[in-house]
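For reference, the structure is listed below as structure tokens.
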Amino acid sequence: MTDKRNRVAVDAADIRAELLRASRRGFLRRTLSLGGLALLSGCDLSTHSGVDAALETALRFDDGIQAALFDRRRLAQTYPASAITRPFRFNAFYPDWQVRAVPDGWVLNVAGRVADKRAWTLAALTALPQESQITRHICIEGWSQIGQWRGVALHVFLRRVGADLSARYVAFTCFDGYSTSIDMASALHPQTLLALDFDSQPLEPQWGAPLRLRIPTKLGFKSAKNIEAIEVTNVFPGGYWEKQGYDWFAGV
Ligand SMILES: Nc1nc2c(c(=O)[nH]1)N[C@H]1C(S)=C(S)[C@@H](COP(=O)(O)O)O[C@H]1N2
Ligand SMILES: [Mo]
């Protein structure tokens with residue numbers, strides 16, 4: 001989607017200055033929110049083609065610029081329970097009949113720049129403080145849906161294992177062969193959850209059992225399902241779709 005050849009090499013500071021000027025003119029305040037981009041590009045987020053057009057605009061921004069503009073305090077919009085999409089659409093790089101059951105003896109492995117590398121059982125994760133959110137999941141393919149997830153805030157988990165919070169990346173490995181990674185600022189965002197529940201029930205395999213990432217400030221492909229390992233690292237980890245050219249930062 002992003003045509004790297006057409007990217008203009010711009011300094012993040014220049015862009016920030018330009019955006020400040022723009023916001024002073026009153027056109028926009030939260031530029032890299034999908035809503036802001038939708039306004040800018042005249043896209044209507046309530047339709048699939050509108051989301052698609054806004055995504056096109058979002059993906060034209062360079063990863064580094066997106067990271068520089070990311071505001072850890074800006075919260076993704078939340079919705080009432082009445083807005084939840086049912087049935088919720090399944091998506092993976094394979095059809096739903098190939099969904100994997102949770103392996104026997106599943107534990108969450110922790111690797112890389114963390115003080116405590118002990119693996120976590122589901123019971124231990126459930127014993128950590130839980131938070132719930134109703135947010136919109138936006139897929140890069142141009143569809144979106146609202147769901148409810150509950151689980152442990154990733155920043156709580158990272159602090160609990162003594163992660164190096166100055167490291168650059170948090171990477172996720174999944175037992176279905178998927179992988180993805182996010183920047184540390186996004187990992188520490190208050191709405192970034194390690195979700196155990198979906199729609200008030202423990203996650204089913206289709207929706208990422210027993211543990212998935214839920215990160216409403218990024219496109220859907222960052223919300224890793226069926227997680228088996230988390231690594232904190234300074235070495236760029238990439239990911240399944242990222243290796244195939246999807247924009248790495250993928251903020252919404
Ligand atoms: N393990 C795993 N996680 C994954 C994927 C996948 O194929 N495998 N697909 C991603 C993509 S592209 C999307 S849109 C969402 C879909 O989540 P859902 O099935 O809950 O709608 O999961 C993301 N996480
Ligand atoms: Mo997706």
Side-chain angles (χ1 to χ4, degrees), residues 1-2 34 45 48-56 58-59 76 79 83-103 106-109 111 122 125 132-151 154 169-183 186-187 191-231 237-252:
M1 253 191 204
T2 314
L34 205 53
L45 281 183
H48 282 177
S49 59
V51 169
D52 216 21
L55 286 172
E56 280 288 339
L59 295 175
Y79 298 85
I84 294 173
T85 309
R86 296 192 181 91
F88 199 79
R89 177 170 171 165
F90 162 84
N91 195 43
F93 67 93
Y94 45 81
D96 59 358
W97 54 268
Q98 281 179 7
V99 166
R100 271 59 150 201
V102 180
W106 178 92
V107 285
L108 173 66
N109 291 296
L122 207 49
L125 289 165
S132 180
Q133 64 172 251
I134 302 176
T135 49
R136 185 184 291 275
H137 169 106
I138 302 171
C139 176
I140 201 166
E141 294 164 330
W143 49 269
S144 78
Q145 53 189 353
I146 294 168
Q148 177 177 43
W149 293 269
R150 186 168 180 270
L154 182 58
Y169 310 107
V170 181
F172 302 87
T173 314
C174 312
F175 58 75
D176 66 351
Y178 194 76
S179 60
T180 190
S181 56
I182 58 175
D183 54 291
S186 299
Q191 288 174 310
T192 304
L193 293 189
L194 286 174
L196 297 154
D197 284 26
F198 173 64
D199 214 359
S200 306
Q201 301 293 324
L203 283 167
E204 286 172 29
Q206 250 193 321
W207 314 121
L211 184 72
R212 82 173 297 173
L213 189 69
R214 176 53 198 153
I215 177 163
T217 52
K218 289 199 186 285
L219 293 175
F221 75 91
K222 293 295 187 182
S223 285
K225 302 195 278 190
N226 313 121
I227 297 173
E228 64 177 5
I230 298 181
E231 183 183 4
Y240 181 88
W241 286 118
E242 292 88 342
K243 281 186 189 114
Q244 295 174 55
Y246 277 30
D247 175 70
W248 181 75
F249 192 83
V252 295

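Numbers here simply count residues along the sequence, with the first being 1. All ligand and atom numbering here is 1-based and tracks the order in the structure.
At least one N/O-N/O distance between Phe93 and ligand 1 falls below 3.5 Å. For the pair Trp207 and ligand 1, the shortest N or O to N or O distance does not fall below 3.5 Å.
Contact annotation: for Ala92 versus ligand 1, heavy atoms closer than 4.0 Å belong to both the backbone and the side chain.
Using a 4.0 Å cut-off between charged side-chain N and carboxylate O, Lys222 and Glu242 make a salt bridge.
Atoms of ligand 1 found under 4.0 Å from any heavy atom of Phe221 (numbered from 1 in listed order, with element): 10 (C), 11 (C), 12 (S). Under a 4.0 Å criterion applied to the non-hydrogen atoms of Ser223, ligand 1 contributes the atoms 22 (O), 23 (C), 24 (N). For ligand 1, the atoms sitting less than 4.0 Å from at least one non-hydrogen atom of Cys139 are 14 (S), numbered in the order shown with element in parentheses. Shown in contact with Arg89 at under 4.0 Å from a heavy atom are these atoms of ligand 1, numbered in order with element: 18 (P), 19 (O), 21 (O).
In this structure, Arg100 satisfies the cation-pi test against Tyr94, with its NZ or CZ atom closer than 6.0 Å to the six-membered ring centre and inside 45 degrees of the ring normal.
Atom CH2 of residue Trp207 and atom CZ of residue Arg89 lie 10.5 Å apart, to the nearest 0.5 angstrom.
Thr173 and Glu231 form no side-chain donor-acceptor contact under 3.5 Å, judged by distance and modelled atom types alone.
Not a single heavy atom of Phe175 sits less than 4.0 Å from an atom of ligand 1. Look at Lys222 and you'll find every heavy atom at least 4.0 Å from all atoms of ligand 1. Residue contacts with ligand 1 do not include Glu141, since none of its heavy atoms lies under 4.0 Å from the ligand.
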